[in-house]
Amino acid sequence: MAEVADNPRLAEAGTKVERVGHIQKRTLGNVRLRHLDTNKIILIPTPSSDPNDPLNWSQGYKYYITAVICFAMLMCNFLAAGPTIAMVSTAMDFFPGANPATNPAFFGESVAKVAFFFTGTALLQGMGNFIWVPIANKYGRRPTYVLSYLIYTGCGIWLCFDHSYNGFLAGRIMMGFGAGAAETIAPITIADVFFLHERGTVMSLYTSFLSVGVAFGVIISGLITIHHEWRVIYEVATPLVGLVLLISFFAFPETAYIRDHKQLQSQSDSDPGSPGPLEKSHIATSDVEHHTPSPPAAPTKPKLTMKTYLEALKIFHGTLTDESLLKLFVRPIGLICLPPVLWAALVQSVTIGFLVAVTSNVDVAFQTAYGFQSWQVGLCFVAAIIGSLTGIPAGGHLGDKVADWFTRRSGGVRDPEMRLPAMIPSLITTPLALILYGVGIEHKLHWMCPTVGLGLINFSIVQGTNVCLVYVIDAYRPVAGEVTLAVMGFKSLFGFLLSFYTNTWVAQSGYQDAYGVMAAIAAAVILMWVPLFVWGKRVRHATWSWPVISYIHWDDDREVGE
């Protein structure tokens, strides 16, 4: 068997490899992950013999790719959220005479108009991916990264010099279109290069830096405004975005790999004389497929060699699928109808979306309750960074360990739902965070009360959203990009709407009642992991046969061997 204990990537010559069955059968994430007799982990998907297969790259190189992705995530949200800390000075710059002391009405109108800079960016970060993800699935990850960050860098330069309101708004909207691509393509890249049993831990790094990017941008932007005008924020961030562009062009490979469909269709070897895995573990044939003796050995193929650096530097490496772009564009809309995907989107909405609600008025809230200046408010987001980093092991390693424990109990068969009990920490911390923030601001408790709330909500974003996102990617791995897009796109729409209505909601109900309702909604949504854990497998297979879902079924050339 291809086992981690024997070789972390490829089986030795003559070693038997256990493969998932015929690709026409959709197991939707139900696979044998541990060998029936030895209980050792089976590499899913099975790596090929090609050294250019990303699954065969060294662990060091894989984690280098992860580091680049994390840096890209950091910069994805730096300019998207960071300058919100200087919203007041930005409004006074674009609208002379907008002074809260002398003309509060005009000042309020000006701040509302400047808010469009950030809500427009947030909306395009999500909606733009309805263009980027089909391109990445059709033509590759590398051209998408390069083109999107080229737009992001160009818009950063534009915003450094544009002094007109309309021009600046257009630049921010275009910047959101470029910045959002990495947010959704990163999970596909991680799934390209890491095995099934490794994904939870690595995905937690991605979700952590996605969250840290907001806090990092707010903190650095706040410190910049102590001695400099708000435009210096863009002058500092743009070269860093340009650095991501240079790395993506000169030192980031194409991670998509077209696997041999005949190899995927072949049945795996099984140990002679040993009971069939299904007989021994009593798993239904609809969940995990039988393994039968392999066909006669194929003729020897020429030995494959590693691509040179110049060959890898190519932007375009060919099309990856015969599926039409129309189908790739439509599929995310259909996927959101699937209960697991819809639930994951709702979890993203009640964690990331409610963080948007917090940050949309955090400057005003802390100034009103504690008399904080902008840079002091920014420093409160150190708690957000601590919460995000703490969420890495709680969302990644814990999720993998929980799933592996249930896998062992089931005789080595992995169901995507097996990681869902790891949602318990977020079920506690998400509503607690919102209550601490709302009650703390409403009653002007010690400033650490709402600040701890900031930390806990960021912990939940990394911990909870990572578990649910890895869950749906495991269940629908061949269309991981479209699944992530469906989840992130829904979240972006929800956050966009919240950014408009949070201040009005708080003004009418008060911080305690408004955030109390958010806490109740969040708890109800996250608690849905329980019925999914119990009935999720049945739900996935039943809903996959719905007539409305039939059009979004993927073609065989999207299969990746799991």
Side-chain angles (χ1 to χ4, degrees), residues 81 84-85 87-88 100 104-105 107-109 111-112 115 118-119 122 211 214-215 218 343 345-372 374 376-377 380-381 383-384 387 423-461 463-465 490-529:
T84 57
I85 203 71
M87 190 177 293
V88 172
F107 174 76
E109 294 175 2
V111 169
F118 308 104
T119 55
S211 177
V214 175
V218 171
W343 174 73
L346 289 173
V347 172
Q348 296 266 348
S349 298
V350 300
T351 51
I352 299 176
F354 286 160
L355 178 63
V356 171
V358 170
T359 55
S360 66
N361 71 354
V362 67
D363 196 24
V364 176
F366 274 82
Q367 284 187 17
T368 303
Y370 308 111
F372 279 14
S374 294
Q376 292 174 307
V377 178
C380 290
F381 277 80
M423 290 294 297
I424 292 175
S426 286
L427 179 60
I428 299 169
T429 57
T430 305
L432 178 59
L434 294 166
I435 290 171
L436 285 174
Y437 183 82
V439 172
I441 296 294
E442 177 83 12
H443 297 283
K444 298 184 180 180
L445 303 180
H446 192 280
W447 61 268
M448 278 300 296
C449 182
T451 301
V452 170
L454 286 174
L456 288 177
I457 191 67
N458 279 271
F459 169 87
S460 301
I461 287 173
Q463 201 278 329
T465 62
F490 187 95
K491 175 265 297 179
S492 294
L493 283 173
F494 187 80
F496 179 73
L497 293 173
L498 272 178
S499 64
F500 276 104
Y501 295 110
T502 296
N503 289 327
T504 304
W505 187 3
V506 168
Q508 292 176 349
S509 303
Y511 284 95
Q512 178 174 293
D513 290 348
Y515 285 96
V517 172
M518 292 183 198
I521 294 172
V525 168
I526 295 174
L527 190 60
M528 291 300 295
W529 74 263

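Within the 4.5 Å cutoff, side-chain heavy atoms of L432 are placed close to those of L436. For the pair L454 and V358, the minimum side-chain heavy-atom distance is below 4.5 Å. With contacts defined as side-chain heavy-atom distances shorter than 4.5 Å, the pair S349/F354 does not qualify. Within the 4.5 Å cutoff, the side chain of W529 has heavy atoms near those of the I424 side chain. Annotation: side chain of M423 is in contact with side chain of V347 (closest heavy-atom distance under 4.5 Å). Two residues are said to be in side-chain contact when any heavy atoms from C-beta on lie closer than 4.5 Å; F459 and T430 fail this criterion. Contact annotation: the side chain of V517 approaches that of W505 to within less than 4.5 Å [non-hydrogen atoms, C-beta and beyond].
Using the six-membered ring where Trp is involved, Y511 and Y515 have ring planes that are parallel, under 30° apart on the 30 and 60° scheme.
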Run L456 and Y437 through side-chain contact (heavy atoms from CB on, under 4.5 Å) and show every step you take. CA-CA 10 Å; L456 288 177; Y437 183 82; over 6 Å; no
Pair V88, F107 - check side-chain contact (heavy atoms from CB on, under 4.5 Å), show working. CA-CA 9 Å; V88 172; F107 174 76; 3.9 Å; yes
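Summarising the geometry of C380 relative to T451, their closest heavy-atom pair is O-CG2, 3.5 Å, with the distance given to 0.1 Å. Taking all atoms of both residues into account, the shortest heavy-atom contact from I435 to A519 is CG1-CB, 3.7 Å. A369 and K444 get closest at one heavy-atom pair: O-CD, 4.0 Å. When all heavy atoms are compared, the tightest approach of N458 to S211 is OD1-OG, 2.6 Å. Listed here is the closest heavy atom pair of P431 and A523: CG-CB, 4.2 Å. Between G440 and P450, the shortest heavy-atom distance links the atoms CA-CD, 4.2 Å.
Rounding to the nearest 0.5 Å gives a distance of 7.0 Å between CG of L434 and CE of M518. Here CZ of F366 is found 8.5 Å from CH2 of W447. Values are rounded to the nearest 0.5 Å. Summarising the geometry, atom OG1 belonging to T368 is positioned 11.0 Å from atom OH belonging to Y370; distances are rounded to the nearest 0.5 Å. Here E442 contributes atom CD and C449 contributes atom SG; the two are 12.0 Å apart, rounded to the nearest 0.5 Å.
Formation of a donor-acceptor pair under 3.5 Å by the H443 side chain with backbone atoms of L445 is not found in this model. Checking side-chain atoms of T351 against main-chain N and O of Q348 turns up a donor-acceptor pair under 3.5 Å.
Take Q367 and apply the side chain to side chain contact (heavy atoms under 4.5 Å, CB included) test, not counting sequence neighbours, and it matches D363, S374.
Checked by atom type, the side-chain pair T429/S460 shows a donor-acceptor distance below 3.5 Å.
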